[in-house]
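Each remark here refers to the structure printed beneath this line.
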Protein chains: 2
Amino acid sequence: MDFDQLADCHKALGDKTRLRILALLREEDLCVGELVEILKITQPAVSQHVRKLRNARLVKERRQGQWVYYSLDGKDYPFYSSILQSLPDLSAEITRLKAEGKKGICT
Amino acid sequence: MDFDQLADCHKALGDKTRLRILALLREEDLCVGELVEILKITQPAVSQHVRKLRNARLVKERRQGQWVYYSLDGKDYPFYSSILQSLPDLSAEITRLKAEGKKGICT
DNA sequence: AAATAATATAAGCATATTCTTATTTGTTTG
DNA sequence: CAAACAAATAAGAATATGCTTATATTATTT
């Protein structure tokens with residue numbers, strides 16, 4: 001892997017919101033609407049962030065009906081798992097979403 | 001470590017030239033003039049890049065006479081060593097510098 | 001097929017990044 | 001202390017990034 005590709009990968013990681021998305025996806029796959037709920041940012045903002053993560057091959061998407069689920073990818077990068085491990089725990093956010101009955105938006 | 005700090009760290013890693021600097025420092029400590037020689041960019045550009053790496057605590061500096069040597073730091077980051085391992089080998093560049101009699105600029 | 005829902009894309013603006021040249025600061029040496 | 005050298009900082013221009021609102025695409029449902 002060359003310097004350009006590696007720089008692009010780290011560039012994708014160099015944003016607070018995208019790191020939060022990865023921390024959430026570490027817990028479980030989520031659709032865009034769920035990310036919008038948790039992150040409290042607009043839907044286009046979420047779409048743009050996940051697209052950057054996808055271009056860097058850090059996440060992958062799968063369409064399921066009218067929803068698009070995102071999940072961790074990044075098999076390409078030997079350092080990725082240790083980066084993921086370094087991220088703060090956001091499982092409480094997902095718990096909260098479920099408690100509010102909003103997890104399951106996408107079902 | 002919070003998301004902001006982690007994002008800043010990865011932002012510092014999100015540049016091709018800075019990754020090349022880290023790949024070089026992995027081989028040995030170098031002063032600014034040596035980095036200028038190898039990277040073929042201007043001296044202020046090198047200074048600005050190493051400052052960003054230093055602000056992110058990825059490198060540290062030590063003044064030695066009129067020269068400032070940079071070396072790897074980054075003890076803070078558990079993922080750092082695996083990132084460093086992923087960088088392409090630039091030892092040939094340092095070999096070339098020495099062959100041209102320019103390593104030892106800073107002595 | 002029309003209406004609705006979820007997501008993606010486009011366009012425009014504000015801010016951030018990176019480069020360049022010019023200048024300043026710090027160190028050594030005559 | 002003055003001259004010379006190394007590195008840092010400043011300022012300005014060009015490009016990139018991230019946000020917002022508006023619109024387009026894709027899938028479902030009736």
Side-chain angles (χ1 to χ4, degrees), chain A residues 3-5 7-22 24-25 29-56 58-71 97 102-107, chain B residues 3-5 7-22 24-25 29-56 58-71 97 102-107:
Chain A
F3 286 105
D4 275 301
Q5 289 175 276
D8 286 343
C9 168
H10 291 295
K11 214 169 289 183
L13 292 166
D15 178 271
K16 178 183 168 175
T17 300
R18 288 195 289 273
L19 290 180
R20 291 177 69 209
I21 290 172
L22 295 178
L24 290 164
L25 297 182
D29 299 359
L30 295 167
C31 67
V32 175
E34 291 167 334
L35 289 169
V36 169
E37 276 295 330
I38 296 173
L39 298 168
K40 312 287 189 199
I41 60 177
T42 63
Q43 174 268 314
V46 170
S47 281
Q48 286 158 12
H49 281 301
V50 292
R51 187 160 46 116
K52 285 184 183 178
L53 291 170
R54 203 179 73 92
N55 288 342
L58 292 167
V59 306
K60 55 182 190 290
E61 70 186 36
R62 88 176 172 276
R63 181 171 276 276
Q64 192 163 308
Q66 66 196 306
W67 299 283
V68 177
Y69 278 82
Y70 286 88
S71 56
L97 190 73
K102 285 175 181 161
K103 168 69 183 171
I105 290 175
C106 312
T107 44
Chain B
F3 285 106
D4 275 303
Q5 291 174 276
D8 286 343
C9 169
H10 291 294
K11 214 170 288 186
L13 292 167
D15 178 272
K16 178 184 168 175
T17 301
R18 288 194 290 274
L19 291 180
R20 292 178 69 209
I21 291 172
L22 295 178
L24 290 164
L25 296 182
D29 299 359
L30 294 167
C31 68
V32 174
E34 291 167 334
L35 289 169
V36 169
E37 277 294 330
I38 296 173
L39 297 169
K40 313 286 191 200
I41 60 177
T42 63
Q43 174 268 314
V46 169
S47 281
Q48 286 158 12
H49 280 302
V50 293
R51 185 159 48 115
K52 285 185 183 177
L53 291 170
R54 203 179 73 92
N55 287 343
L58 292 167
V59 306
K60 54 182 190 290
E61 71 186 35
R62 88 177 173 275
R63 180 171 277 277
Q64 192 164 309
Q66 66 196 306
W67 299 283
V68 178
Y69 278 83
Y70 285 88
S71 56
L97 190 74
K102 285 173 182 162
K103 169 68 181 174
I105 291 175
C106 312
T107 44

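Letters A, B, ... are given to chains in the order of the sequence lines, protein chains preceding strands, and every chain is numbered from 1.
Note on B:R63: every side-chain N or O is 4.0 Å or more away from OP1 and OP2 of D:dA6. Residue A:H49 places at least one side-chain N or O closer than 4.0 Å to OP1 or OP2 of D:dC19. Residue B:K52 has a polar side-chain atom (N or O) positioned under 4.0 Å from OP1 or OP2 of C:dT18.
The CG atom of A:L53 sits 13 Å away from the C1' atom of D:dG18 (whole-angstrom rounding). One can place CD of B:E61 at 17 Å from P of C:dT25, the figure rounded to the nearest angstrom. The separation between B:K11 atom NZ and D:dA16 atom C1' is 13 Å, rounded to whole Å. In this entry the distance linking CD of A:Q66 with C1' of C:dA6 reads 6 Å, nearest Å. As rounded to whole Å, 13 Å separates atom P of D:dA11 from atom CD of B:Q48. Here D:dT25 presents its P atom at 15 Å from CZ of A:R51, a figure rounded to the nearest Å. For the pair A:E34 CD and C:dA5 P, the interatomic distance rounds to 17 Å; values are reported in whole Å. The CZ-P distance, from A:R62 to D:dA27, rounds to 16 Å in whole Å.
Across all strands, B:R54 comes closer than 4.0 Å to no nucleic acid atom at all (heavy-atom distances). Backbone-only engagement by B:Y70 is indicated by non-hydrogen atom pairs under 4.0 Å involving sugar-phosphate atoms exclusively.
Other residues, nucleotides and ligands place more than 12 heavy atoms under 6.0 Å from the NZ atom of A:K60.
Checked against salt bridge (charged side-chain N to carboxylate O under 4.0 Å, His left out), A:R62 has the following partners two or more places apart in sequence or in another chain: A:D29. The side chain to side chain donor-acceptor pair (under 3.5 Å) search around A:T17 returns none, not counting sequence neighbours.
Side-chain contact annotation: A:Q64 with A:Y69, donor-acceptor N/O pair under 3.5 Å absent.
Although no hydrogens or angles enter the test, the distance criterion places no donor-acceptor pair under 3.5 Å between the side chain of A:R63 and the main chain of A:V68.
Contact check of residues 38-46 of chain A against DNA chain C (heavy atom, cut-off under 4.0 Å) returns A:Q43, A:P44.
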